[in-house]
2 protein chains.
Amino acid sequence: MKHAINQKPDYEKELRKAGVRITRPRRIILDILTSTEDHPDAMKIFHRAIEIDDSISLSTVYRTMNLLEEMGAIHRHAFNGGPSRFEQAHGEHHDHLIDVDTGDVIEFQSDKIEKLQEEIARALGYDIIHHRLELYGRKSKRPE
Amino acid sequence: MKHAINQKPDYEKELRKAGVRITRPRRIILDILTSTEDHPDAMKIFHRAIEIDDSISLSTVYRTMNLLEEMGAIHRHAFNGGPSRFEQAHGEHHDHLIDVDTGDVIEFQSDKIEKLQEEIARALGYDIIHHRLELYGRKSKRPE
DNA sequence: AATGCAAATGCGAATGATTTGCAAAAAGAA
DNA sequence: TTCTTTTTGCAAATCATTCGCATTTGCATT
């Protein structure tokens with residue numbers, strides 16, 4: 001089991017290649033996404049964005065998130081059924097451990113679990129398209 | 001790995017014990033919940049309910065679902081970020097495989113995966129409060 | 001640098017799921 | 001049956017998100 005680490009890919013190039021225009025709002029949103037460690041929701045992204053340019057609208061944030069999601073540049077999560085929270089799709093797949101007290105998100109990856117999931121789906125006659133594994137936990141008092 | 005099977009617990013007794021009144025709407029909703037195999041959302045429950053008593057309101061469905069959830073009698077899921085879907089909290093814990101084409105939900109349970117999750121959380125210094133594992137898949141063409 | 005046009009934006013209104021306020025109705029105890 | 005408290009139905013409010021549309025902007029082309 002390993003932690004994921006953050007990378008900073010050049011999205012502008014990718015967007016251009018996909019025939020998508022590089023606008024000021026998009027540049028700003030992309031910047032926020034690539035420079036954050038957390039998993040902000042649309043409203044949080046919006047607030048960070050208007051600090052840089054107060055003409056950006058919430059709709060544009062939503063539209064940009066949808067665009068980036070379709071391009072595979074970000075992932076969308078709905079922890080606890082709350083509003084969607086986003087993260088850049090850096091490197092390897094990983095799952096999430098959410099701190100129920102703080103809302104913090106810790107990323108982890110386990111090949112064993114991935115393999116088990118495949119086996120289970122196969123046994124039920126299915127191919128996995130994608131999956132979601134979320135652990136909701138609280139910092140343990142006991143020594144690790 | 002095993003499938004979960006359906007049981008029909010006596011919720012009225014439980015509700016009474018919790019000091020909650022047994023009303024006509026609640027009885028009807030409870031009946032729907034205990035006699036269904038699927039994981040209906042509030043709207044679906046509402047429609048089934050007004051077939052039995054057309055004076056039941058959607059708010060009451062929502063209120064009842066919240067009540068039952070707090071009592072631990074049902075579980076709430078937000079597959080794919082869609083509307084909440086409910087199921088009675090029968091017997092053992094289980095996870096879900098969602099058929100992306102039909103929306104069908106298959107329940108399964110794997111001790112191995114549960115154990116792995118515990119290990120991972122412990123390694124990260126957390127105790128698991130609860131978790132969510134959803135596999136989104138498509139019926140496989142290949143022989144099982 | 002100026003032009004043209006499709007793509008993107010901001011705004012506000014629309015949508016879908018869910019919650020809430022409140023007066024009227026029903027449940028359960030006395 | 002009466003009383004008190006909980007629940008209900010209804011309509012309006014809220015929250016997250018999307019949409020319509022007139023206006024602006026990116027950028028390929030003169």
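In what follows, chains are A, B, ... by sequence order, proteins preceding strands, each numbered from 1.
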Worksheet item: Going by an N to O cut-off under 4.0 Å, is there a salt bridge joining B/D53 and B/R24?
Response: yes

From CG of B/L68 across to P of D/dT7 the rounded distance in Å is 12 Å

From CG of A/L58 across to P of D/dA16 the rounded distance in Å is 10 Å

In whole angstroms, the gap separating P of D/dT6 from CZ of B/R27 amounts to 19 Å

Checking D/dT8, C/dG10, D/dT17 against the side chain of A/P25 (C-beta onward), the nearest is C/dG10

With the side chain defined as heavy atoms from C-beta on, A/R63 is closest, among C/dG10, D/dT17, D/dT8, to C/dG10

Look at all strands and tell whether B/N66 reaches a base, only sugar-phosphate, or nothing, counting heavy atoms closer than 4.0 Å. sugar-phosphate

A/R24 CZ to D/dT25 P, in whole Å, measures 11 Å

Here the distance between atom C1' of D/dG26 and atom CD1 of A/I28, to the nearest Å, is 15 Å

Residue-phosphate contact under 4.0 Å: B/S59 side-chain N/O, D/dA11 OP1/OP2: no

Quick note, A/S84 side chain, CB onward, closest among D/dT7, C/dT9, D/dT17 is D/dT17

Whichever of B/I22 and B/P83 has the more 5' nearest nucleotide on DNA chain C, that residue is B/P83

From CG of B/L15 across to P of C/dG28 the rounded distance in Å is 11 Å

(message) What contact category does B/T23 fall into here, base, sugar-phosphate, or nothing, at under 4.0 angstrom with non-hydrogen atoms?
(response) sugar-phosphate

Rounded to whole Å, CD1 of B/I56 lies from C1' of D/dC10 at a distance of 15 Å

**Message:** Looking at C/dT18, I'd like to know if its phosphate oxygens (OP1 or OP2) sit under 4.0 Å from a side-chain N or O belonging to B/Y62.
**Reply:** yes

| field | Pair of N/O donor and acceptor under 3.5 Å linking D/dG26 base with A/R16 side chain | value | no

From the candidates D/dG9, C/dG10, D/dT7, the one with an atom nearest any side-chain atom of B/T60 is D/dG9

In this structure, CD1 of A/I45 is separated from CD1 of A/I50 (nearest 0.5 Å) by 12.5 Å

message: Centre-to-centre under 6.0 Å for A/H93 and A/H75, is that the case here?
response: no

query = Hey, does the side chain of B/S57 come within less than 4.0 Å of D/dC10's phosphate (OP1/OP2), counting only N and O?
reply = no

* Is there a donor-acceptor pair closer than 3.5 Å between any side-chain N or O of B/T64 and the backbone N or O of B/T60? -> yes

Q. Is any side-chain N or O of B/R21 under 3.5 Å from a base N or O of D/dT5, one able to act as donor and the other as acceptor?
A. yes

Whole-Å distance, A/H77 NE2 to D/dT17 P, equals 14 Å

May I ask you to decide whether A/R132 forms a salt bridge with A/E134, counting only side-chain N to carboxylate O separations under 4.0 Å?
-> yes

